[in-house]
There are 2 protein chains.
Amino acid sequence: MSKKPGIAPSLSREAIIDIAFDLIDEHGYDAFSLRSLATHLGISAMGIYTYFDSKDDIISGVQEKMRTFYDNAPVPGERWDDTLRRTLRSIRKVGVEHSNIWRVDTYGWQKGTRVHTRRIYKIHKDQGMPLEIYKPLWSIIEAFLGGFIQKEISQMNTTFEPLDPDDPDYQWMLISQTAYTDESFRDGIELIISGVRRMAAPDPCEWRTPLS
Amino acid sequence: MSKKPGIAPSLSREAIIDIAFDLIDEHGYDAFSLRSLATHLGISAMGIYTYFDSKDDIISGVQEKMRTFYDNAPVPGERWDDTLRRTLRSIRKVGVEHSNIWRVDTYGWQKGTRVHTRRIYKIHKDQGMPLEIYKPLWSIIEAFLGGFIQKEISQMNTTFEPLDPDDPDYQWMLISQTAYTDESFRDGIELIISGVRRMAAPDPCEWRTPLS
DNA sequence: ACCTGAACACCGTTCAAGT
DNA sequence: ACCTGAACACCGTTCAAGT
């Protein structure tokens, strides 16, 4: 790659996304601006427009980067319910660990969403899961997963005023303040899985990713 | 109420929230600013600070107003699962109808959330639902509901590129584009309810709101 | 107490200009 | 092609002043 000073790019989309990712991850989206990003890149704010069309363009890249952390590849021989346990656990972990990036407005179907969706349905299709099972499973799983992560992040970021243990409602109030845990996440997934098994009965639900 | 011109307030918190609600509801949160709100109120932008501490203060009020539309009051004689069907259906309806307000960053526990939470647990407590049942029920229900509404709004606001019906994956791709419907919402709730019934077995689950 | 206008310290983006 | 600095049209909020 011949380098002509004053012409060759000093940066790349990837390098910029890496910095943007780290900035949002650490300091939150509210503190993120093109001007502060530019300072960290060592160029002027307007130089970013050489690589990106808009701020939203950068954000899309940042969210796409986060999705590459998902453990959502097919595993030969794995049964559908273990696939669910593995992928959902991974997505929750990534979302919570990078909560500042997760919470950036995810309304609207970005390109990256489509890629992830395709990966997931291909796995289950190859496992031999019937379409009639996948259909209700998909919507409840996606809703549960997205809602759980969002609420868990809220719970993490909230400092609750201490409850009075003598209050007759103490236990009930405590539940809503500590609702999102490893245990309740697993319970939710298991409830959905066993619900699907009951729906499919008497099918033994031995849908597995092919070994070859 | 004696009216001293130049001293008596020409507005109220409620009146301002009503206008803010309508503006966000119709034109979206991105188009909402204190200056545009002030124009619609007929005062200068800085006059708003007489009634509110900050923009966030107004937003809290707007979201609190939305929650008053929830049908979440106790109904004498109603069984717990019918309570769930009724309240969840109502919240989904309100959220989707006022999607621009729903989607304004709801991370963090506002005061209004606590009020709603208290209403719900009180109903189930009075119905005689055991704490061990309410605990897992609460987290899965909240996660599913919040996630479903969020995804349904995304789906509504997305224009999908047309799919090729001859694609062997056509049916599978279609599922992810049409996942959030009346039917899948009901299916999700019924799956959760029957999961809870199985958890509680052999309890007949006849928990009902007292008649008096 | 209620409301105003000017001002402050920011935004994302456009544009003409420089190398 | 890559990058800059000035400028535009906005923000939320502060502050001194007016009634």
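The sequence lines fix the lettering, A, B, ..., with proteins before strands; numbering per chain opens at 1.
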Can you tell me the distance, in whole Å, between the CD1 atom of A:Ile16 and the P atom of D:dC3?
8 Å

Is any side-chain nitrogen or oxygen of A:Thr50 closer than 4.0 Å to OP1 or OP2 of D:dC2?
no

Would you kindly give the CG-to-C1' distance between B:Leu37 and D:dT13, to the nearest whole Å?
15 Å

Do the side-chain N or O atoms of A:Tyr49 get closer than 4.0 angstrom to the phosphate oxygens (OP1, OP2) of C:dT14?
no

Distance check needed: C:dA16 P versus A:Met46 CE, whole Å only.
15 Å

Rounded to the nearest angstrom, tell me the gap between atom CG in B:Leu34 and atom C1' in D:dC11.
9 Å

Using a heavy-atom cut-off of 4.0 Å across all strands, would you classify A:Ser33 as base, sugar-phosphate, or nothing?
sugar-phosphate

Need one value for B:Tyr51: base, sugar-phosphate or nothing, where a base atom within 4.0 Å counts as base even if backbone is also close, heavy atoms only.
sugar-phosphate

Can you see whether B:Tyr180 has B:Lys151 sitting over its ring - NZ or CZ less than 6.0 Å from the centre and within 45° of the normal?
no

Can you check the B:Leu11 CG to C:dA1 C1' distance for me, whole Å?
14 Å

Please tell me if B:Ser10 has a side-chain N or O lying less than 4.0 Å from either OP1 or OP2 of C:dC3.
yes

Hey, is A:Arg13 close enough to A:Asp57 for a salt bridge, meaning N to O under 4.0 Å?
yes

For B:Leu11, is there any backbone N or O sitting under 3.5 Å from a side-chain donor or acceptor partner on B:Tyr51?
yes

Can a donor-acceptor pair be found, under 3.5 Å and without considering hydrogens, that links the side chain of A:Ser36 to the backbone of A:Phe32?
no

Please report, rounded to the nearest Å, how far the C1' atom of D:dC10 is from the CZ atom of B:Arg35.
8 Å

Without decimals, in angstroms, what is the distance between B:Asp30 CG and C:dT13 C1'?
16 Å

Does C:dG12 have a Watson-Crick or wobble mate here (both distances under 3.5 Å), and if so which one?
D:dC8

Rounded to the nearest Å, what distance is computed from the CZ atom of residue B:Phe52 to the P atom of nucleotide D:dG12?
14 Å

Could you please name the partner base of D:dC3, counting Watson-Crick and G-U wobble pairs only when both distances are under 3.5 Å?
none

Decide whether a cation-pi geometry holds between A:Arg92 and A:Phe185; the criteria are a distance under 6.0 Å from NZ or CZ to the six-membered ring centre and an angle within 45° of the ring axis.
yes

